[in-house]
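Quantities reported herein were computed from a predicted structural model and do not represent experimental measurements.
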Protein chains: 2
Amino acid sequence: MIQPRPRTIPEATVARLAVYLRVLTSFADGGRTTVSSGELASAAGVNPAGLRKDLSHLGSCGVRGVGYEVRALRERIARVLGAEQSRACVLVGIGNLGTALADYAGFGSRGFEIVGLFDAAPDRVGRRIGGLTVQDITDLEATVTATQASIGVIATPADVAQQVCDRLSAAGVRSILNFAPVTLSAPAGVDVRQVDLSVELQVLAFLGQQRTTVGEVSA
Amino acid sequence: MIQPRPRTIPEATVARLAVYLRVLTSFADGGRTTVSSGELASAAGVNPAGLRKDLSHLGSCGVRGVGYEVRALRERIARVLGAEQSRACVLVGIGNLGTALADYAGFGSRGFEIVGLFDAAPDRVGRRIGGLTVQDITDLEATVTATQASIGVIATPADVAQQVCDRLSAAGVRSILNFAPVTLSAPAGVDVRQVDLSVELQVLAFLGQQRTTVGEVSA
DNA sequence: GCGACTTTGTTCCAGCGTTCACAAGCGGTT
DNA sequence: AACCGCTTGTGAACGCTGGAACAAAGTCGC
């Protein structure tokens, strides 16, 4: 078996590819048929040379002197990212954040299908959100098994996130996206990705503060 | 004027410092008084040597042979990150995500005070969330000016995010955290930080897919 | 009081990511 | 058909980040 798309793609590149995919979709909707690396880089907020290097990881796709064909490039990125095949996701914790995620239309168009919503609070169970009914957390394992869900999203309070992580891992989920402000530990073979809103805000504030301080010193 | 904490702290270190701050607070609440770099690193999910290097950026604070004093270290990190002084933030777009952010208790304890909630939908204006009343978006500039808000958070739909970004920038906001799935352009002097939920999910899915594929090839 | 152990702080090194700069290639034009 | 301008793709240098090993320093035990 040959391996036409070999080696590994750097993680930083993967993150940018997802951004390019979004921008390309927007260009396609706008009727554009071709786009140059400079335009695309500008729209994505990155360096043109870096963008070309990112795209080089998935083989030559552009035409010299012209640029990239919008639809073809979009499809190729989607294929590499695996966005063409649907992935089953379960979402645990249907508070405000969980509801926002469940309602987020961007998932479906990118190959993610939410197949289960779970919460422990009785008054949330039974609610319908985005076409799905919130189930009790006790049904978690059964649904994961039945749907072969490979991705779990945790949007619970911090104090139960580890417990949910353990149950998802045991049920066969291989990838977990965690929004709770705790560092999770998962068994080997399970990827955990952390998104901490207050960390983002603190980094932003620090950069602003640093800029201000430097400005004062130099003034 | 001397500058006892000179140079610059790498951005990656700043992000981890925010995590350490959270872990230290949790340790302090648990009654711990001292902690070693190994324990702290384990709780934060990082390498012990890296943690020590991070902490070295803010000057010696530990005691050799013993470890770090929890409360003192927490305060020092908080001071470096600027979490001791309160920062005024405005939040635009009070949908599910915006509501989640407004309700998020973690902000207040980290030095962020939300001073304004804004939305364009009439049925959302007037609602009370987390002690604040949602205002009409037309009041944005007046509130930013009156409160000297330096941070803006955008949780609006994608199609109005750039417009909100422009208004925030013009009103004097220096740092913007954007949750809308678009790449914003802001004038020089304004920092924009992007958090894209679907990008995170796509990176996670790709890593899982790559792992699976590699496993199949090697099998 | 002294030695040994523990833990920090620092230095070195390797790998990765990013940027710049240039050769290669394609389309349009004459 | 040949030339020219434009854009891609790639090679190399630079800076940064992450990890490991080592020296300094402080505490505990005797």
Q: Using whole Å, what does the distance between atom C1' of nucleotide dC13(C) and atom CG of Asn47(B) come to?
A: 15 Å
Q: What is the separation between atom NE2 on His57(A) and atom P on dG11(D), rounded to the nearest whole Å?
A: 12 Å
Q: From CZ of Arg76(B) over to P of dT8(C), roughly how many Å is that when rounded to an integer?
A: 15 Å
Q: Which pairs of donor and acceptor atoms, one on a side chain in residues 87-105 of chain A, lie under 3.5 Å apart (sequence neighbours left out)?
A:
{"residue": "Arg87(A)", "atom": "NH2", "partner": "Gly82(A)", "partner atom": "O", "Å": "3.4"}
{"residue": "Arg87(A)", "atom": "NH2", "partner": "Gln209(B)", "partner atom": "OE1", "Å": "2.9"}
{"residue": "Asn96(A)", "atom": "ND2", "partner": "Asp103(B)", "partner atom": "OD2", "Å": "3.3"}
{"residue": "Thr99(A)", "atom": "OG1", "partner": "Gly95(A)", "partner atom": "O", "Å": "2.6"}
{"residue": "Asp103(A)", "atom": "OD2", "partner": "Asn96(B)", "partner atom": "ND2", "Å": "3.3"}

Q: Under 3.5 Å between N/O atoms: give me all the protein pairs with nucleotides 5-9 of chain D, atom names plus distance.
A:
{"residue": "dT7(D)", "atom": "O4'", "partner": "Gly65(A)", "partner atom": "N", "Å": "3.2"}
{"residue": "dT8(D)", "atom": "OP1", "partner": "Ser37(A)", "partner atom": "N", "Å": "2.5"}
{"residue": "dT8(D)", "atom": "OP2", "partner": "Ser37(A)", "partner atom": "OG", "Å": "2.6"}
{"residue": "dT8(D)", "atom": "O2", "partner": "Arg64(A)", "partner atom": "NH1", "Å": "3.0"}
{"residue": "dG9(D)", "atom": "OP1", "partner": "Cys61(A)", "partner atom": "N", "Å": "3.1"}
{"residue": "dG9(D)", "atom": "OP1", "partner": "Gly62(A)", "partner atom": "N", "Å": "3.0"}
{"residue": "dG9(D)", "atom": "OP2", "partner": "Tyr68(A)", "partner atom": "OH", "Å": "2.5"}
{"residue": "dG9(D)", "atom": "O4'", "partner": "Arg64(A)", "partner atom": "NH2", "Å": "3.2"}
{"residue": "dG9(D)", "atom": "N7", "partner": "Arg52(A)", "partner atom": "NE", "Å": "2.9"}
{"residue": "dG9(D)", "atom": "O6", "partner": "Arg52(A)", "partner atom": "NH2", "Å": "3.2"}

Q: Evaluate Ile137(A) against Asp119(A) for side-chain contact (heavy atoms from CB on, under 4.5 Å), listing each step before the verdict.
A: CA-CA 5 Å; Ile137(A) 186 68; Asp119(A) 204 296; over 6 Å; no
Q: With a 4.0 Å cut-off on N to O distance, would you call Arg32(A) and Glu39(A) a salt bridge?
A: yes
Q: Go through it in stages, so that I can follow the logic: the residues are Ser150(A) and Arg174(A), the test is side-chain hydrogen bond (donor to acceptor under 3.5 Å, both in side chains), and I'd like the CA-CA distance, side-chain angles, deciding distance and then a yes or no.
A: CA-CA 5 Å; Ser150(A) 62; Arg174(A) 309 290 287 273; over 6 Å; no
Q: Can you tell me if the side-chain N/O atoms of Arg16(B) get under 4.0 Å from OP1 or OP2 in dG18(D)?
A: yes
Q: Send over the distance from Asp54(A) CG to dT19(C) P, rounded to a whole Å.
A: 10 Å
Q: So, are Arg193(A) and Glu11(A) salt-bridged, with charged N and O less than 4.0 Å apart?
A: yes
Q: Using atom CD of Glu11(B) as one end and atom P of dT17(D) as the other, report the distance to the nearest whole Å.
A: 9 Å
Q: Can you tell me the distance, in whole Å, between the NZ atom of Lys53(B) and the P atom of dC12(C)?
A: 11 Å
Q: Do Glu200(B) side-chain atoms and Val195(B) backbone N/O form a donor-acceptor pair below 3.5 Å?
A: no
